[in-house]
2 protein chains.
Amino acid sequence: MDGMPTAKRRPSSAKQRYQEAVATYVAAGGDESVQRVITAVNSLTRKLDQWYARQLVDLDLSPGEWAVVTELAKAEGQPVTPSRLADAGNVAASSMTHRLDKMTERGLVRRSPDPDNRTRVLVELTDEGWQLFVAAVREANVVESDVLAGLTKSQRSALADLLEVVIADLDALDT
Amino acid sequence: MDGMPTAKRRPSSAKQRYQEAVATYVAAGGDESVQRVITAVNSLTRKLDQWYARQLVDLDLSPGEWAVVTELAKAEGQPVTPSRLADAGNVAASSMTHRLDKMTERGLVRRSPDPDNRTRVLVELTDEGWQLFVAAVREANVVESDVLAGLTKSQRSALADLLEVVIADLDALDT
DNA sequence: TGCTAATATTTCGAAATCGAAGTCTGCCGA
DNA sequence: TCGGCAGACTTCGATTTCGAAATATTAGCA
């Protein structure tokens, strides 16, 4: 370092910021092979979230509302309970009540009592909700493709394979 | 499919839910090699966020406050402006003002006017803030190591390498 | 059956967040 | 130098979220 004053570095690029982050975590006691992966995943997610947010304003949807739509879409038409939606969206049950109120008003989802269990409520996507989902996925896919443009097909495949190994272990850790 | 009624599947495992999610996005018009990666990253992040939230309650810290602490830690003692913190945390500048008020009260950060530019404010971590950061990283690293336990050292390295390629391209897409 | 504990949702008040002004300072061209 | 414009932060009112309490129903058990 010599007597040189610490350079006023401009941490402009994402890659640079990422590397500094890893170095910081490692210096604080984190394991390097762990921090490289975790930090990279977090960086990527943050950027993706920014882009999703931009696209969602076009659809006049909040990220939370989008989470509800995707969860219902994944259920393939099978109705889902509010508590499951709250869980999937990492959000308090009471917040979900409010969200569903608004989304119902707007005609994106439909609430109905569960005939088999009167403590439960079933939520499902309306036709309008489905249309919105399909349109949004198509748009998002454009951005997401750009994000992965730097990888060849086989690299994407390798990346997905590795991530899938991690995901397969995820449940076991919840205890 | 045969006339068999759709099985009432219990999408219990994370891997199963992941696969259904990918299938749903592909059916809606997404590209498969893209959706495998993006969905996996999102799944992983959601789980990580859940665990972080749990650890943070022990420290009596909100996820947002933690984001401030990490950003200041990454700056290695160099003060950072509130607007940069807001940007890094994907949050409105006005929200950051409120957060910093609280964190200052609590003694985690320190605000001071920038001597070179009186429109700016400089924020830095106090000693207490640093201690909290180091302690939290050590704890988080335990969980994160568990998450990646299913990968060998070289697999982790390969995973990190691939993610770094993606990150390197991130800035170019911001236009 | 009757009683208690557990579960699912909603209601309610407090706290966090947002976006739109508002205030102050620095920058730049006339 | 002056005037206006742009940038940084804060203030303010409205919206969203949270956690705890309230309500209603089911499940388990004596």
Side-chain angles (χ1 to χ4, degrees), chain A residues 10 46 49-50 52-54 56-69 71-72 75 78-106 108-124, chain B residues 10 46 49-50 52-54 56-69 71-72 75 78-106 108-124:
Chain A
R10 315 197 92 280
R46 175 162 3 221
D49 284 347
Q50 282 180 9
Y52 291 149
R54 273 186 226 166
L56 288 175
V57 292
D58 294 342
L59 304 171
D60 192 26
L61 260 157
S62 73
E65 289 168 333
W66 173 244
V68 171
V69 171
E71 195 62 23
L72 292 175
Q78 297 272 337
V80 172
T81 64
S83 48
R84 188 153 136 59
L85 291 173
D87 197 48
N90 278 349
V91 89
S94 56
S95 307
M96 191 51 68
T97 297
H98 182 55
R99 260 192 219 168
L100 293 175
D101 285 347
K102 279 193 45 185
M103 295 178 74
T104 302
E105 251 181 75
R106 186 167 156 191
L108 296 176
V109 303
R110 187 175 20 244
R111 257 197 281 220
S112 53
D114 183 338
D116 297 340
N117 184 333
R118 289 193 296 174
T119 67
R120 290 205 175 95
V121 173
L122 296 179
V123 184
E124 58 190 329
Chain B
R10 315 197 90 282
R46 177 165 359 223
D49 284 347
Q50 281 180 9
Y52 292 148
R54 276 186 222 165
L56 289 175
V57 291
D58 294 342
L59 304 171
D60 192 26
L61 224 62
S62 73
E65 288 168 333
W66 173 242
V68 171
V69 172
E71 195 62 23
L72 292 176
Q78 297 273 338
V80 171
T81 63
S83 49
R84 190 153 134 60
L85 290 172
D87 197 48
N90 277 350
V91 88
S94 55
S95 308
M96 190 51 67
T97 297
H98 181 56
R99 260 192 219 169
L100 293 175
D101 286 346
K102 279 194 45 186
M103 296 178 74
T104 302
E105 252 181 75
R106 187 167 155 191
L108 295 176
V109 303
R110 188 175 21 245
R111 257 198 279 219
S112 53
D114 184 337
D116 297 339
N117 184 333
R118 290 192 295 174
T119 67
R120 290 208 174 92
V121 172
L122 297 178
V123 184
E124 57 191 329

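Throughout, protein chains are lettered first and strands after them, A, B, ... in sequence-line order, and every chain is numbered starting at 1. Values below: all heavy atoms of this structure, side chains included; hydrogens, waters and symmetry mates excluded.
- In this structure, B:K102 reaches the C:dA16 phosphate: one of its side-chain N or O atoms is under 4.0 Å from OP1 or OP2.
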Checklist entry - So A:L122 and A:V80, side-chain contact (heavy atoms from CB on, under 4.5 Å) or not? Walk me through it. => result CA-CA 5 Å; A:L122 296 179; A:V80 172; over 6 Å; no

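- Put simply, CZ on B:R54 is 14 Å from P on D:dG19, counting in whole angstrom units.
- The heavy-atom pair separating A:W66 from A:L61 by the smallest distance is N-CD2, 4.0 Å.
- Nearest heavy atom pair, residue A:T81 against residue A:R120, reads CG2-CD, 3.8 Å.
- Among residues at least two apart or in separate chains, salt bridge (Lys or Arg N to Asp or Glu O under 4.0 Å) pairs with a member in residues 85-102 of chain B are B:E65-B:K102, B:D101-B:R111.
- The two residues B:R46 and A:A88 make their nearest non-hydrogen contact at NH1-O, 2.6 Å.
- Atoms CG (A:N90) and C1' (D:dT16) sit 16 Å apart, rounded to a whole Å.
- Recorded end-axis angle for the helix from C:dT1-D:dA30 to C:dA30-D:dT1 stands at 20°, based on five pairs per end and rounded to 10 degrees.
- Rounded to whole angstrom, the span from the CZ atom of A:R118 across to the P atom of D:dT23 amounts to 18 Å.
- Atom P of nucleotide C:dA14 and atom NE2 of B:H98 are separated by 15 Å, given to the nearest angstrom.
- Residue B:A93 comes nearest to B:A86 through the heavy atom pair CA-CB, 3.9 Å, listed as atom of the first residue, atom of the second, then distance.
- Nearest heavy-atom pair across A:P82 and A:M96 is O-CG, 3.6 Å.
- D:dT17 atom C1' lies 16 Å from atom CG of B:D49, rounded to whole Å.
- Atom CZ in B:R99 sits about 13 Å away from atom C1' in D:dT17, given to the nearest Å.
- No donor-acceptor distance shorter than 3.5 angstrom exists from the side chain of B:S95 to the backbone of B:V91, with no hydrogens or angles considered.
- A:L85 has its CG atom 13 Å from the C1' atom of C:dA8, to the nearest Å.
- A:D114 has its CG atom 11 Å from the C1' atom of C:dA8, to the nearest Å.
- In terms of position on DNA chain D, the residue among A:S62 and A:D116 whose nearest nucleotide sits closer to the 5' end is A:S62.
- The side-chain heavy atoms of A:E124 and A:L72, taken from C-beta on, include no pair separated by under 4.5 Å.
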Got a list of protein N/O to nucleotides 6-10 of chain D N/O distances below 3.5 Å?
unit_1, atom_1, unit_2, atom_2, d
D:dC9, OP1, B:V121, N, 3.3
D:dC9, OP1, B:V121, O, 3.4
D:dC9, OP2, B:S83, N, 3.1
D:dC9, OP2, B:S83, OG, 2.5
D:dT10, OP1, B:R111, NH1, 2.9
D:dT10, OP2, B:T97, OG1, 2.9

